[in-house]
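Basis for what follows: all heavy atoms, side chains included, without hydrogens, waters or symmetry-related copies.
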Amino acid sequence: MRSILLMVFAMGVFVLNDTLTKSVSSDLPTGQIIFIRNLIATVLLTPFVLHRHGVSTILQSYSRPLLIRNVSEMIAVILFLSALFRLPIANVTAVFQLVPLAMTAAAALFLKETVGWRRWSAAVVGLFGVLLIIRPGTADFSWWYVAVLISVVVVTARDIATRFIAPATPTLVVVFLTAAVVTIAGVLLLPIETWLMPELWHVAMLGAAALLVCTGYYALIEAWRTGEVSATAPFRYSVVLWAIVFGFLFLGEVPSAMTLVGAGIVMAAGIYTFVRERQTKARATR
């Protein structure tokens, strides 16, 4: 129960971070928002990572898988936030829930894990749910959904690379390096943007978002470490419910009936995948 509550809490914190970040998107360009938020997150994490692990551990932790992870994270953040600033938060969050299903396909293709026809079918059903949300060919379609789908692919590559990071590498160091590198991602957009002098409330919002990101990662790590993964993992889909609630309360966004149906299909497919994976592993250990 503790791990489940931590997972639900972490998902709510992440969505609140997205909500606060989106609230300043009408005043500041995407790259500047990424830079300010992640710079603050890096500053917040620095004393903790130095106290627990020191500079030598940080320098020794870098490896090719970690480099791939961080580059993937940079690309994913730019694509995800660019889409988030232009689309309803519930829609973007629901489409992004393709990641667990994409991980199933990636595990079969790149990690040589056995994936049966039932889980492949669940992935196809989840893709159908996404099509209901983005509705290509209709007036509600936006090309920014393509950015979300590409970010799903990039995040899948990120998570695959994470599997190859040495187990001895501290999680806090991985989080710290990710925050620091994503700060650079914001600077990369400077040549195509015009940065402005942020007001105090902009910095306050992004500072709160940075604190929420750090809190969310900590809660997520604790959730994975304190409970059974197969029992905890399905509750990550609570992120869609959080997105609907926060999108309505803070941004005035009301998802359409088709979006709700599509989100429900994606969540059901993902939960089925987790359950089926658990059953498969249980039989394998008998």
Can you list, pair by pair, the side-chain donor-acceptor contacts under 3.5 Å of residues 71-81, counting residues two or more places apart and other chains?
| residue | atom | partner | partner atom | Å |
| --- | --- | --- | --- | --- |
| Ser72 | OG | Ile68 | O | 2.8 |
| Glu73 | OE1 | Arg158 | NH1 | 2.6 |

Side-chain contact test, heavy atoms from C-beta onward, threshold under 4.5 Å: evaluate it for Leu177 versus Asn70 and give yes or no.
-> yes
To the nearest 0.5 Å, how far apart are OG in Ser63 and CZ in Phe164?
-> 11.5 Å
Excluding sequence neighbours, so at least two apart, what forms side-chain hydrogen bond (donor to acceptor under 3.5 Å, both in side chains) with Asn38?
-> none
Set of ring pair (Phe, Tyr, Trp, His ring centres under 6.0 Å) partners for Trp195, sequence neighbours left out | Phe35
Ile244 side, atom CD1; Asn91 side, atom CG - distance, nearest 0.5 Å = 9.0 Å
Show your working on side chain to side chain contact (heavy atoms under 4.5 Å, CB included) between Leu241 and Val245 and close with a plain yes or no.
-> CA-CA 6 Å; Leu241 301 178; Val245 172; 5.6 Å; no
Cluster link Leu127 to Ile134, ILVMFWY, side chain under 4.5 Å = yes
Would a 4.5 Å heavy-atom cut-off, applied to side chains only, mark Leu149 and Val130 as touching?
-> yes
Assess whether atom CZ of Phe48 is packed by more than 12 heavy atoms of other residues, nucleotides or ligands within 6.0 Å.
-> no
Note, Pro170 side chain near Ser61 side chain (heavy atom, < 4.5 Å) | yes
Say you draw a straight line from CZ of Phe141 to CG of Leu131; how long is it, rounded to the nearest 0.5 Å?
-> 10.0 Å
Hey, is CZ on Phe9 packed in by over 12 heavy atoms from elsewhere, all under 6.0 Å?
-> no
To the nearest 0.5 angstrom, please state how far the CG atom of Leu84 sits from the OG1 atom of Thr21.
-> 7.5 Å
Side chains of Arg135 and Thr259 in contact at under 4.5 Å (non-hydrogen atoms) = yes
Roughly how far, to the nearest 0.5 Å, is the CG atom of Leu39 from the CG atom of Leu44?
-> 9.5 Å
Should Ile58 and Tyr62 count as side-chain neighbours, where that means a heavy-atom distance under 4.5 Å?
-> no
Close side-chain approach of Phe176 to Thr42, heavy-atom, < 4.5 Å = yes
Nearest heavy-atom pair of Gly247 and Ile89: which atoms, and what distance?
-> CA-CG2, 3.6 Å
Looking only at non-hydrogen atoms, find the nearest pair between Ser25 and Ile33 and report the distance.
-> CA-CD1, 3.7 Å
Glu253 side-chain N/O to Pro88 backbone N/O, donor-acceptor pair under 3.5 Å = no
With Phe246 via ring pair (Phe, Tyr, Trp, His ring centres under 6.0 Å) - residues at least two apart | Trp242, Phe250
Are Val125 and Phe96 co-members of a hydrophobic cluster defined by side-chain heavy atoms under 4.5 Å apart?
-> no
Report yes if the side chains of Ser142 and Arg86 come closer than 4.5 Å at any heavy-atom pair, otherwise no.
-> no
Do Ile133 and Trp144 sit in the same hydrophobic cluster, where Ile, Leu, Val, Met, Phe, Trp and Tyr count as joined when their side-chain heavy atoms come under 4.5 Å apart?
-> yes
Scanning both residues in full, the closest heavy-atom pair of Val8 with Ser238 reads CA-OG, 3.7 Å
Do Leu200 and Ile40 share a hydrophobic cluster, counting only Ile, Leu, Val, Met, Phe, Trp and Tyr and linking them when any side-chain heavy atoms are less than 4.5 Å apart?
-> no
For the student: nearest non-hydrogen atoms of Lys22 and Leu87, plus distance | NZ-O, 2.6 Å
Contacts of Phe128 meeting side chain to side chain contact (heavy atoms under 4.5 Å, CB included) (sequence neighbours excluded), chain-then-number -> Leu132, Ile265
For Gly216 against Ala10, the heavy-atom pair lying closest together | O-CB, 3.7 Å
Can you find a heavy atom in the side chain of Leu20 that is under 4.5 Å from one in the side chain of Leu206?
-> no
Spell out, yes or no, whether Ile36 and Leu190 are grouped together once hydrophobic residues are joined by side-chain heavy atoms under 4.5 Å, including indirect joins.
-> yes
What are the two closest heavy atoms between Ala161 and Arg69, and how far apart are they?
-> CB-N, 4.1 Å
What's the spacing between Thr46 OG1 and His51 NE2 if we round to 0.5 Å?
-> 14.5 Å
Hey, does the side chain of Gln32 reach the backbone of Leu196 with a donor-acceptor pair shorter than 3.5 angstrom?
-> yes
side-chain hydrogen bond (donor to acceptor under 3.5 Å, both in side chains) against Asp159, all qualifying residues, sequence neighbours excluded | none
